[in-house]
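Below you'll find the structure, written out as structure tokens, and then a few comments.
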2 protein chains.
Amino acid sequence: MKKDLTPSETQLPRYRWLADIIRDTIDRGLLTDNQALPPERELAEHYEVSRDTVRKALRYMEERGIIYSDHGRGTFVSPTIVRGTTRFIDSFSQDTGNRGGVPGQRIISIENIGASMAIATLLNIESGTPLVRVRRVRLIDDVPVGVHDAHLVLPRGSRLTRSQIERSGSLYKLLTAQYGFDPAEAVENLCAGAADADDAQWLDVPVATPLLICERITLSDRRQPIEYCLMKYVSSYRYRTRIARHSDGTR
Amino acid sequence: MKKDLTPSETQLPRYRWLADIIRDTIDRGLLTDNQALPPERELAEHYEVSRDTVRKALRYMEERGIIYSDHGRGTFVSPTIVRGTTRFIDSFSQDTGNRGGVPGQRIISIENIGASMAIATLLNIESGTPLVRVRRVRLIDDVPVGVHDAHLVLPRGSRLTRSQIERSGSLYKLLTAQYGFDPAEAVENLCAGAADADDAQWLDVPVATPLLICERITLSDRRQPIEYCLMKYVSSYRYRTRIARHSDGTR
DNA sequence: TAGTGGTCTAGACCACTCG
DNA sequence: GAGTGGTCTAGACCACTAG
């Protein structure tokens, strides 16, 4: 168990080490919805870290929707409905797994293309720049739930093969490991749409069926656009998210 | 200008005061996309605060997608595409204003009802608990773009009138000011759907038109559910969001 | 190697909540 | 008033980036 390792053994900063311990405690059900954590000063003493480090661990968890703090009252475990709503960049495989489904994919095509004007504008690159386009049907428990159409900016000469993607569960993990693809942030735009003939075929629904359309632009650590992805989902697919702030900036 | 006020005059914590100054600098175009901010130590000296306070201001802004920091390189202004994608709980009026539209509403009905079993389960209350149900058509520049169906848990005896809501631009602002309604966090679930006869009438679209469906549960500071809201939007409406994390927890 | 952000500490005081 | 989280400080050292 993580608990038995010292922070230096885990190679993690102390606040991450502490966050993992607390997270574990919650995941094991020893602390449940809206129950209070020990006070910060107590945690600091018990784990032999400064109070500031405790606070860093708590803020780290709060950002992820695991706990929340109330001034003057204490720090509490977030209700189940909130925990686990944090969105990550490689969300599909992740989310699906978290919800108890088996994520899958069927590759429609992999092409080396030049950026169209529309895509070039979105990605802030020259039109005609070489891109890799990957189209996939996404499955949950072998049922098609969505189509992904990704346009990737990869280093010159990168070659992506069907079998590579198929072997690796997650396209992102593959790209990160093999091609230095390093997503830091993404912007998403969601709206309603209707299935066209292609969508209908791949998703096995009638033409004009309502679909959830999600456009994503992914940025590298230097905030250069490295991917444009158009995703369309059938109505049974749920996109979950969490909002933690009021517009007055409070909390 | 805020710049000329001392932190104590603004009644804000120093880190918020500093964040506002930097934000202002960016908004005025003195610092633009991917440009570097001064180093933390320099900001600390210049504004006569500790480096830790500077860091707190920077983290506050980073959470909101205004800037980003890279270890060893510096801190930079987020590209325009990213800035302003932060979602807030009272998003409709806010977002619409930010995008240059004029937000509006047409109230369909205000009812005092008892919680149905479905709603009661979602809100974690007894079925039959008194709720206020507010149905509204949301407008942008006087064009209907969505319908909101809110079920509110308000203190006993609260009375909500049409004219009150109409006078106040934002329902949330009214509830907060008048009824101690204090949203701290919200969970949203998005999916695709089709317009039913009612939707079609209010949104002025054919029945079965694809709609973006967004269900929201709003929680109080004590993380008690205080609202369930079902929102449906026509396909021209864009729901924008930002994802800042990779699933390995890095950054 | 110089410069940057990231982690960590120990201590002080403020602001809020609740009995 | 006692206990909690929130802000702030001054200083140290580590980790990463780039010329």
Side-chain angles (χ1 to χ4, degrees), chain A residues 6-20 22 34-63 66-78 180 182 184 220-224 245 249-251, chain B residues 6-8 10-20 22 34-63 67-78 180 182 184 220-224 245 249-251:
Chain A
T6 63
S8 43
E9 283 170 325
T10 62
Q11 299 278 62
L12 284 173
R14 292 171 103 86
Y15 78 92
R16 289 282 302 274
W17 164 80
L18 179 53
D20 284 351
I22 299 174
N34 295 306
Q35 277 193 353
L37 272 64
E40 296 177 352
R41 289 163 178 83
E42 205 171 294
L43 288 169
E45 194 183 5
H46 186 263
Y47 291 102
E48 299 179 294
V49 295
S50 73
R51 187 179 156 213
D52 233 48
T53 298
V54 170
R55 283 183 60 75
K56 231 168 163 182
L58 298 181
R59 292 301 73 75
Y60 179 83
M61 298 173 74
E62 190 170 35
E63 278 170 24
I66 302 168
I67 61 172
Y68 61 96
S69 292
D70 265 14
H71 194 174
R73 287 211 312 137
T75 301
F76 308 87
V77 177
S78 289
D182 181 23
S220 68
D221 56 348
R222 303 290 177 94
R223 268 53 177 184
Q224 294 306 308
R245 267 178 297 276
T250 307
R251 44 194 122 249
Chain B
T6 64
S8 44
T10 62
Q11 299 277 63
L12 284 174
R14 293 170 103 85
Y15 78 94
R16 290 283 303 272
W17 164 80
L18 179 53
D20 284 352
I22 299 174
N34 295 306
Q35 277 193 354
L37 272 64
E40 296 177 351
R41 289 162 177 86
E42 206 170 294
L43 288 168
E45 194 182 6
H46 186 261
Y47 291 103
E48 300 179 294
V49 295
S50 73
R51 188 179 154 213
D52 233 48
T53 299
V54 170
R55 283 182 60 74
K56 230 167 164 183
L58 298 182
R59 292 300 74 76
Y60 179 81
M61 297 173 75
E62 190 171 36
E63 278 170 25
I67 60 172
Y68 62 96
S69 292
D70 264 15
H71 193 173
R73 287 210 313 137
T75 300
F76 308 87
V77 177
S78 289
D182 181 25
S220 69
D221 56 347
R222 303 291 177 94
R223 268 53 177 184
Q224 293 306 310
R245 267 178 297 275
T250 306
R251 34 191 129 252

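Residue numbering restarts at 1 for every chain, and letters A, B, ... go by the order of the sequence lines.
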- Query: Does B/Arg41 make a side-chain donor-acceptor contact with the base of C/dG5, cut-off 3.5 Å?
  - Reply: yes
At under 4.0 Å, does any side-chain N or O of [X] touch on OP1 or OP2 of [N]?
| X | N | answer |
| --- | --- | --- |
| B/Thr53 | D/dT7 | no |
| A/Tyr15 | C/dC8 | no |
| A/Ser50 | C/dA10 | no |
| A/Arg59 | D/dG6 | yes |
| B/Arg51 | D/dT9 | no |
| A/Lys56 | C/dT7 | yes |

Tell me the interatomic distance from [X], atom [atom1], to [N], atom [atom2], rounded to whole angstroms.
| X | N | atom1 | atom2 | value |
| --- | --- | --- | --- | --- |
| B/His71 | C/dT7 | NE2 | P | 8 Å |
| B/Asp221 | D/dG5 | CG | P | 15 Å |
| B/Arg14 | C/dA12 | CZ | P | 19 Å |
| B/Glu45 | D/dC8 | CD | P | 19 Å |
| B/Glu62 | C/dT4 | CD | C1' | 14 Å |
| B/Leu18 | D/dC8 | CG | C1' | 13 Å |
| A/Glu40 | D/dT7 | CD | P | 11 Å |
| B/Met61 | C/dG5 | CE | P | 14 Å |

- Picking from C/dT7, D/dT17, D/dG5, the nucleotide nearest the side-chain atoms of A/Pro13 would be C/dT7
- Min side-chain heavy-atom separation B/Arg222-A/Asp70 under 4.5 Å: yes
- Side chains of A/Glu63 and B/Arg245: does their closest heavy-atom pair fall under 4.5 Å? yes
- Message: So, taking the atom named CD in B/Gln224 and the one named CG in A/Asn34, what distance separates them when rounded to the nearest 0.5 Å?
- Response: 6.0 Å
- Kindly compute the distance separating OH (A/Tyr68) from CE (A/Met61), expressed to the nearest 0.5 Å. 13.5 Å
- Query: When the nearest nucleotide of DNA chain C is assigned to A/Arg73 and to B/Ser69 on a heavy-atom basis, which residue is associated with the more 5' position?
  - Reply: B/Ser69
- Message: Reading DNA chain C from 5' onward, which residue's closest nucleotide shows up sooner: B/Pro38 or B/Arg222?
- Response: B/Pro38
- Does CD belonging to B/Glu45 count more than 12 external heavy atoms closer than 6.0 Å? no
- Message: Here's a test of your reading of the structure: between A/Pro39 and A/Asp52, which maps to the more 5' nucleotide of DNA chain D?
- Response: A/Pro39
- Task: Tell which nucleotide pairs with D/dG19, taking only Watson-Crick or G-U wobble pairs whose two distances are both under 3.5 angstrom.
- Result: none
